[in-house]
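Numbers here are sequence positions counted from 1.
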Amino acid sequence: MNYELFRIFVGEMEYSINVNGQMMDLSQPRVMGILNVTPDSFYSESRAQTKEMVVARVREMLAQGADIIDVGACSTRPGSEPASAQEEMQRLRMALRTIRQEVADVVLSIDTFRPDVAKMAVEEFGADIINDVGDDFQQSTVNSKPSTVNRQLEMFRTVSRLGVPYVLMSRQSTVETILMEFAERVQQLRDIGQKDIILDPGFGFGKTMEQNFEVLNGQDRLLVMGLPLLVGVSRKRMVYNMLGTTPAEALNGTTVLNTIALMKGASILRVHDVREAVECVRLVNSLTTV
């Protein structure tokens with residue numbers, strides 16, 4: 001995308017979502033900080049397994065400028081064994097209760113693929129956003145597809161009843177197939193009354209490294225949907241495998257890709273490193289003011 005087109009796209013993106021009765025303006029990109037209440041998430045620095053660690057991590061991210069805290073209690077890293085629904089809920093209850101008691105006015109997103117977990121988090125703790133990782137991430141056979149579809153439809157009905165913004169992620173491997181899936185799923189969501197929808201191209205899910213970069217290169221084409229985009233490339237394999245490093249060494253590469261994602265229309269960056277992402281947003285935003 002050239003500079004003039006970038007200015008046009010940024011100037012026309014006037015997205016907002018209803019977060020617990022308050023409108024969150026997405027016309028300027030927001031930063032979502034990652035909090036993993038798990039023992040096995042791929043990047044160890046994002047893990048917090050005690051109340052003290054949860055509070056410290058949330059306060060650190062808010063101090064660095066996070067707009068949203070995304071709480072996950074079931075690792076979706078490749079090859080991982082998913083926690084049971086009961087274990088996921090137990091971890092989330094500890095974290096969400098602690099956050100609500102110790103940190104005021106924080107916007108909470110819940111990273112889950114289970115409708116019953118989403119329902120619990122919203123009804124018991126007032127979670128503000130549901131961030132769905134899409135198809136069951138352990139899916140490996142054709143025979144599992146019907147249950148996967150049923151799960152997603154149940155999630156659609158759940159978030160619609162709860163009245164919270166919903167992040168819809170795609171595991172498709174090309175911009176064309178992502179757009180086709182989004183068009184179908186967004187219509188299903190609209191048909192049952194879902195108002196606030198955020199689209200996630202699903203970097204790192206169902207894609208080869210080359211396909212991840214092809215989707216990133218064509219990400220601006222997803223803006224045709226007229227909905228805000230969430231991008232999560234933070235410290236993922238597409239960064240550290242390409243550079244021959246490790247997740248711990250992937251901050252610089254992450255910042256480069258976050259910059260590209262912003263210039264191709266991202267409204268939310270989901271990241272482990274909040275300060276660096278906030279600085280990235282400020283610098284990219286400066287292009288529209290000069």
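Panel note: side chain Q211, backbone T208; a donor-acceptor pair is recorded below 3.5 Å. Formation of a donor-acceptor pair under 3.5 Å by the K207 side chain with backbone atoms of F205 is found in this model. Of the possible donor and acceptor atoms, none in the side chain of K195 sits under 3.5 Å from a partner among the backbone N and O of P165. Looking only at distances, no side-chain donor or acceptor of D273 sits under 3.5 Å from a matching main-chain atom of E276. Without hydrogens or angle criteria, R30 side chain to M24 main chain gives no donor-acceptor distance under 3.5 Å.
Annotation: N241, atom CG; neighbour count of heavy atoms from other residues, nucleotides and ligands within 6.0 Å is above 12. Other residues, nucleotides and ligands place no more than 12 heavy atoms under 6.0 Å from the CD atom of Q22. Heavy atoms of other residues, nucleotides or ligands lying less than 6.0 angstrom from CZ of R275 number 12 at most. Other residues, nucleotides and ligands contribute more than 12 heavy atoms inside 6.0 Å of the CE atom of M209. Within a 6.0 Å radius of CZ in R282, other residues, nucleotides and ligands contribute 12 heavy atoms or fewer. Counting heavy atoms of neighbouring residues, nucleotides and ligands inside a 6.0 Å radius, atom CD of E249 exceeds 12 of them.
At a threshold of 4.5 Å between side-chain heavy atoms, the hydrophobic network of Ile, Leu, Val, Met, Phe, Trp and Tyr places L199 and V224 in one connected group. The hydrophobic cluster containing L227 also contains L189, counting ILVMFWY residues as joined when their side-chain heavy atoms lie under 4.5 angstrom apart, directly or transitively. V31 and I260 fall within a single hydrophobic cluster, where Ile, Leu, Val, Met, Phe, Trp and Tyr side chains are chained together by heavy-atom contacts under 4.5 Å.
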Q | salt bridge (Lys or Arg N to Asp or Glu O under 4.0 Å) assessment of E60 paired with R57 | A | CA-CA 5 Å; E60 176 187 36; R57 175 74 176 150; 3.5 Å; yes

Q) Are R221 and E176 close enough, and set up right, to give a salt bridge (Lys or Arg N to Asp or Glu O under 4.0 Å), and what steps lead you there? A) CA-CA 9 Å; R221 293 168 57 194; E176 289 77 12; 3.0 Å; yes

Q: Walk me through it: do R100 and D128 pass the test salt bridge (Lys or Arg N to Asp or Glu O under 4.0 Å)?
A: CA-CA 12 Å; R100 288 304 191 208; D128 303 287; 3.4 Å; yes

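In this model, a donor atom of one side chain and an acceptor atom of the other lie less than 3.5 Å apart for S170 and E181. Between Q187 and D191, the side chains place a donor N or O and an acceptor N or O closer than 3.5 Å (distance only, hydrogens not considered). In the model, T112 has a side-chain atom that pairs as donor or acceptor with a side-chain atom of E88 under 3.5 Å. With 3.5 Å as the limit, one finds no donor-acceptor pair spanning the side chains of Y166 and D196.
Taking CE from M263 and CG from N258, the interatomic distance works out to 13.5 Å, rounded to the nearest 0.5 Å.
Side chains of V164 and I129 form no contact here, defined as non-hydrogen atoms less than 4.5 Å apart. Within the 4.5 Å cutoff, no side-chain heavy atoms of N131 are placed close to those of I110. No side-chain heavy atom of N212 sits less than 4.5 Å from a side-chain heavy atom of L216. Using a 4.5 Å heavy-atom cutoff, the side chains of V55 and I99 are not in contact. Under the 4.5 Å side-chain criterion, counting only non-hydrogen atoms from C-beta, Q219 is not in contact with V175. At a threshold of 4.5 Å between non-hydrogen side-chain atoms, the residues E214 and T174 do not count as touching. When side chains are defined from C-beta on, V71 does not count as touching S109, because their heavy atoms never get closer than 4.5 Å.
A salt bridge links R151 with D132: at least one charged nitrogen is closer than 4.0 Å to a carboxylate oxygen. In summary, R161 and E154 engage in a salt bridge, as defined by a charged side-chain N under 4.0 Å from a carboxylate O. Ionic pairing of D200 and R270 is not present here: no N-O contact between side-chain nitrogen and carboxylate oxygen is shorter than 4.0 angstrom.
The shortest heavy-atom contact between R91 and A73 is NH1-O, 2.9 Å.
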